[in-house]
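Throughout, protein chains are lettered first and strands after them, A, B, ... in sequence-line order, and every chain is numbered starting at 1. Every heavy atom of this structure was used, including side-chain atoms; hydrogens, water molecules and symmetry mates were not. It should be emphasised that the depicted structure is a prediction, and the values quoted were computed from it without experimental measurement.
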There are 2 protein chains.
Amino acid sequence: MALGKDYATQQCSIARALEVVGERWTLLVVRDALYGVRRYNDFLVHLGAPRAVLANRLQTLTAEGILEKRRYQESPPRDEYVVTERGTALWPVLLALGAWGREHYGEDRLRVFRHAACDTELAPTGLCPACGVTVPAEDVLMVPGPGLDPDPADPVSRALLKPKRLLQPIDTDRV
Amino acid sequence: MALGKDYATQQCSIARALEVVGERWTLLVVRDALYGVRRYNDFLVHLGAPRAVLANRLQTLTAEGILEKRRYQESPPRDEYVVTERGTALWPVLLALGAWGREHYGEDRLRVFRHAACDTELAPTGLCPACGVTVPAEDVLMVPGPGLDPDPADPVSRALLKPKRLLQPIDTDRV
DNA sequence: CGAATTGATTCAGTGAACGAACCGACCGTG
DNA sequence: CACGGTCGGTTCGTTCACTGAATCAATTCG
């Protein structure tokens, strides 16, 4: 990646972070991983990225310890990519980025994030206004917003219509 | 930009945000703008980006309303790029990203961000632990950390060694 | 007048992204 | 046991963006 070469001289942890997750598609892969996507093919259809790029990103993210490749069945050997703690730590970044995007460019809200314990909607900082705590990703409930297409084409988007906890694997087994 | 084409189908405000600020160098330009960098040449020496890319990013960011091009002197005509409210709204994203980068990759802390009102260090969420408020960017005091090179080559890095408020223009007039 | 400063644009070379095709391992069905 | 389908990729030619060096125009300073 050409990124690292120049950013390395930056003396800045933002630049350091962007070396790792600043490439095209990378943060969207992490987003999907947090949403519960785990399989190569599910990433592929949901992201629409070229296969070679996806394979490269999954490999890089695994090497960086953001995802973990895990064998979930032998014969045929199948691996899934599960987000690690380091990857989960990117959740506040994605939340803030999404809040900014919606605030300044989006009309309707597409997804709403709630504190699973009290069902209160999170602030863009990740704080639960009711409980006063910063909600960890595993306690976040993702609910579809009014702006979301109710009948998407791909099965992954369809699985993501159901309210679900972050990090919980998606469930694509249905009509 | 090739970014927009694919991300547009994503039904996601994170993807929408990345369409705008997801390109290489873009977030670093915004970071510098928040740090008080305003002039083409200052961005250039501090970032080390190719001139054509910098010119392109400044133009795009201006078109997106994240920076504002402002004439600061006639004869010779000189413009500076000042961060807008929309650009300032990216501060929490950069803070979270920097916190993640330092946490997972940095050894020393390079910059410390404090609440100007009470001098307390900010949480990665932007919250002031003492006051309990989310500190707006203009009330953030940036202080060099122990890991920062005390004698950098370029004048912009040298100007950024002094404690300063975010958004306040940098001062490069010195030895 | 000549040199320096500022804010760019142009251009050739390189590397990355794109999209389509292909591949190998395995499964289930007939 | 052939046949088609799925899964997780790799390969390849084209296009596009980034890179770095050179150039340029306007103006001020010496």
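- Comparing D/dC18, C/dT9, D/dG9 by their closest approach to the side chain of B/Glu23 singles out D/dC18.
- Looking at B/Asp79 and B/Arg39, no side-chain N of the basic residue comes within less than 4.0 Å of a carboxylate O on the acidic one, giving no salt bridge.
- If you take CG of B/Leu47 and C1' of C/dA8, they are 16 Å apart, rounded to a whole angstrom.
- Among the protein residues, B/Tyr72 comes within range of the sugar-phosphate backbone only, with heavy atoms under 4.0 Å from sugar or phosphate atoms but none that close to a base.
- Note: B/Phe113 and B/Tyr35 have tilted aromatic rings, judged against thresholds of 30 and 60 degrees for the angle between ring planes.
- Closest to the side chain of B/Arg51, out of D/dT19, C/dT9, C/dC27, is C/dT9.
- Pairs engaging residues 82-92 of chain A under the side chain to side chain donor-acceptor pair (under 3.5 Å) rule: A/Arg86-B/His104, A/Arg86-B/Tyr105 [sequence neighbours left out].
- Note on A/Arg57: a side-chain N or O is less than 4.0 Å away from OP1 or OP2 of C/dA17.
- For the pair B/Asp171 and B/Lys162, the salt-bridge criterion is met [side-chain N within less than 4.0 Å of a carboxylate O].
- B/Leu44 places its CG atom 11 Å from the P atom of C/dT6, with the value rounded to the nearest Å.
- Taking 4.0 angstrom as the limit, B/Trp25 places a side-chain polar atom (N or O) nearer than this to OP1 or OP2 of D/dT19.
- Closest to the side chain of B/Pro77, from the set D/dT10, D/dT27, C/dA8, is D/dT27.
- Atom-to-atom, CZ of B/Arg39 to P of C/dT5 comes out at 13 Å; the value is rounded to the nearest Å.
- Out of C/dA25, C/dC18, C/dA8, the shortest distance to the side chain of A/Val53 is found at C/dC18.
- Of the inter-residue distances, the one linking B/Leu167 atom CG with B/Arg38 atom CZ reads 8.0 Å to the nearest 0.5 angstrom.
- Using a 4.0 Å heavy-atom distance criterion, B/Tyr81 is classed as a sugar-phosphate-only contact.
- Heavy atoms of A/Ala52 sit under 4.0 angstrom from at least one base atom.
- When each of C/dA8, D/dG9, D/dT6 is scored by its nearest atom to the side-chain atoms of A/Tyr40, the top-ranked nucleotide is D/dG9.
- Residue whose closest nucleotide on DNA chain D sits further toward the 5' end, between B/Pro76 and B/Pro50: B/Pro50.
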